[in-house]
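One structure is given here, and the rest of the page talks about it.
So you know, we letter chains A, B, ... as the sequences are listed, proteins then strands, and number each from 1.
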Protein chains: 2
Amino acid sequence: MPGQQDKEPIVIPKPTLDRLKLYHRLLNEIEQKYISSDEIAQRVGTNAEQVRKDLTYLKTTGKPKVGYDVAQLRQELEELFGVKKTTKVILVGAGHLGSALVNYPGFANYGIEIVAVFDNDPRKIGMFIGELSILPMKDLARVIKRFRVEIGIICVPKDSAQQVADILVSNGIKGIWNFTPARLVVPDDVFVVDEDMSQSLLTLKHFLEMKKQKMQESQRG
Amino acid sequence: MPGQQDKEPIVIPKPTLDRLKLYHRLLNEIEQKYISSDEIAQRVGTNAEQVRKDLTYLKTTGKPKVGYDVAQLRQELEELFGVKKTTKVILVGAGHLGSALVNYPGFANYGIEIVAVFDNDPRKIGMFIGELSILPMKDLARVIKRFRVEIGIICVPKDSAQQVADILVSNGIKGIWNFTPARLVVPDDVFVVDEDMSQSLLTLKHFLEMKKQKMQESQRG
DNA sequence: TTTTTATCGTTATATCTTTCACGATAATCT
DNA sequence: AGATTATCGTGAAAGATATAACGATAAAAA
């Protein structure tokens, strides 16, 4: 395998990465100069050992009796997640969800900029979502090249999802944020993050089921 | 601890539960009568052993040389997730995202019915989202009681999130689907599922960071 | 300056999850 | 009917992650 080196291929475990995201969010909300592993833990709902373990994956180190330098930690996390670099993104599918995303105020904080919205419904072409006019799919290649877009958001009906993914991939997109329940098939070097809301829903319903069962049991018992 | 029994407190591990959701979705898409662990695995991107292990948490059992009965497995999963029972849900926050959710066609498939939408902006009261007219917050208690609502969706601005959560909880809501980045503080018996899109974003950006680093390394090396 | 204390970093232990391995079994083939 | 085969179910091994334990260290107190 050429181009691969054994020295320090430190990969951060997924669970740790997920918690680091929580820490990152927390650090953006607090004012103090230092914070202890224990305080971080309490605020995000884990324990101090876990926090310290997680932070060993970073360069930032804490001081005994004081804790971690908030600004420093925040900055390292921002680098880790590339928050500071603006990433240009296109969105395909100008339905309700697409509109919601274009208008989502949170993206700017994470260096995300939606530069164009596409749809294949001729009636929608030219209409505006926020300040962006909806473009036809045939303009996609041009826009991606022009703005050097790397990420595409898919929020079209499920049955068109794979087709759209194929178009995005063939135009050089390397990251896809998939809001449809479809499982996308893409080359290895393309990264897909699924945002399937129905799945979260199942989690909620399952919880309520469990709860009801428990209540019935304790009544019987 | 009264009301707690030691016999068979079988709890399905979270990773297993997440995969079961994938299997459930798959089973809804296929026509065949039987399916093998291997086919399930290939279709959802895992391996056969994993699938079989996961299915040991269910009552359904497979037949050698044949596989699992699709209909039976589907039904057991539907029961597990409470898909068949319609759950009534209210939504607070009639912004872009709220509208998107009300119009989301996928909910019906999972037995979710949004029965009312609330907002505290007087200008929005009485306007329609789909077929639902936007109600003032003061109607909330009445609606929850009337429809026996157990789940509330919060998609208001971050700063109002906790306040809304408190209102929901005090009106007997037991499950909250939180679309804001706020961390909600609720009693132990209330279950919160966070749907923080900014967090998924970080996953994507982190991936792109990694990728860039790798490319730089391989150029240097 | 010495002692005490809070908090870190890290190694060791425990738990949880996945993978492996293989005997059991129902369907198919000879 | 007996042999063969695909597939299951499960217990054991391996791997990953989380928790616990504790010595080290910087700040604060004595």
Side-chain angles (χ1 to χ4, degrees), chain A residues 6 8-23 26-27 30 32-77 80 203 206 210, chain B residues 6 8-23 26-27 30 32-77 80 203 206 210:
Chain A
D6 275 330
E8 293 191 53
I10 311 153
V11 168
I12 303 180
K14 179 71 170 21
T16 295
L17 212 49
D18 286 345
R19 283 188 301 270
L20 287 176
K21 289 188 279 187
L22 297 179
Y23 306 161
L26 170 65
L27 294 176
I30 62 176
Q32 65 215 70
K33 188 149 169 34
Y34 292 97
I35 189 168
S36 70
S37 56
D38 193 51
E39 186 176 351
I40 295 178
Q42 302 221 330
R43 300 270 224 121
V44 310
T46 177
N47 56 309
E49 296 82 2
Q50 184 80 77
V51 171
R52 293 207 296 278
K53 224 345 158 12
D54 290 341
L55 296 184
T56 59
Y57 289 96
L58 306 180
K59 290 191 292 283
T60 299
T61 158
K63 272 193 200 169
K65 187 94 189 219
V66 175
Y68 300 88
D69 184 311
V70 171
Q72 186 186 347
L73 200 49
R74 179 162 46 208
Q75 188 181 331
E76 190 175 359
L77 287 170
L80 180 69
T203 306
H206 177 243
M210 294 280 287
Chain B
D6 274 331
E8 293 192 50
I10 310 154
V11 167
I12 303 181
K14 180 71 168 26
T16 295
L17 212 49
D18 287 346
R19 282 188 302 270
L20 287 176
K21 289 187 276 191
L22 297 179
Y23 307 160
L26 170 64
L27 293 177
I30 61 176
Q32 64 214 72
K33 187 146 171 35
Y34 292 98
I35 190 167
S36 69
S37 56
D38 193 51
E39 186 176 352
I40 295 178
Q42 301 219 331
R43 300 267 224 124
V44 310
T46 177
N47 56 308
E49 295 83 1
Q50 183 80 79
V51 172
R52 291 206 298 276
K53 241 309 157 33
D54 289 342
L55 296 185
T56 60
Y57 290 97
L58 306 180
K59 289 191 294 284
T60 299
T61 158
K63 273 194 200 168
K65 187 93 188 224
V66 175
Y68 300 88
D69 185 310
V70 171
Q72 186 187 347
L73 200 50
R74 179 163 46 208
Q75 188 183 331
E76 190 175 358
L77 287 170
L80 180 69
T203 306
H206 176 245
M210 294 280 288

TODO: Given side-chain contact (heavy atoms from CB on, under 4.5 Å), test A:Gln72 with A:Tyr34 step by step and report yes or no.
DONE: CA-CA 10 Å; A:Gln72 186 186 347; A:Tyr34 292 97; over 6 Å; no
Open item on the list: One pair to check against side-chain contact (heavy atoms from CB on, under 4.5 Å): B:Thr203 and A:Leu17. What are the steps and the verdict?
Closed with: CA-CA 8 Å; B:Thr203 306; A:Leu17 212 49; 5.8 Å; no
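Proximity of A:Lys33 to A:Val70: side-chain heavy atoms (C-beta onward) are nowhere separated by under 4.5 Å. For the pair B:Leu27 and B:Ile35, the minimum side-chain heavy-atom distance is below 4.5 Å.
Heavy-atom distances under 4.0 Å link DNA chain D to A:Asn47, A:Glu49, A:Gln50, A:Arg52, A:Lys53 of residues 36-56 of chain A, given in residue order.
Around CD of B:Gln75, the count of heavy atoms belonging to other residues, nucleotides or ligands within 6.0 Å does not exceed 12.
Of the two residues contacting DNA chain D, namely A:Thr16 and B:Val66, the nearest-nucleotide position lying further toward the 5' end is that of B:Val66. Nearest-nucleotide positions on DNA chain D place B:Thr61 closer to the 5' end than the other of B:Thr61 and A:Pro64.
Summarising the geometry, atom CD belonging to B:Glu49 is positioned 7.5 Å from atom OG belonging to B:Ser37; distances are rounded to the nearest 0.5 Å.
A:Leu17 places its CG atom 16 Å from the C1' atom of D:dA16, with the value rounded to the nearest Å.
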Please tabulate, for the side chains in residues 54-65 of chain B, all donor-acceptor contacts under 3.5 angstrom to protein atoms that are two or more places apart in sequence or on a different chain.
from: B:Asp54; atom 1: OD1; to: B:Thr16; atom 2: OG1; distance (Å): 3.3
from: B:Asp54; atom 1: OD1; to: B:Arg19; atom 2: NH2; distance (Å): 2.9
from: B:Asp54; atom 1: OD2; to: B:Arg19; atom 2: NE; distance (Å): 2.6
from: B:Asp54; atom 1: OD2; to: B:Tyr23; atom 2: OH; distance (Å): 2.6
from: B:Thr56; atom 1: OG1; to: B:Lys53; atom 2: O; distance (Å): 2.4
from: B:Thr60; atom 1: OG1; to: B:Glu76; atom 2: OE1; distance (Å): 2.5

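Here the rule is side-chain contact (heavy atoms from CB on, under 4.5 Å) with A:Leu26, and of A:Arg74, A:Arg43, A:Lys21 only A:Arg43 fits it.
Taking the 5' to 3' direction, DNA chain C first and last meets chain A under 4.0 angstrom from a heavy atom at C:dT5 to C:dA12.
Picking from D:dA27, D:dT17, D:dA6 the nucleotide with the shortest atom distance to the side chain of A:Pro13 gives D:dT17.
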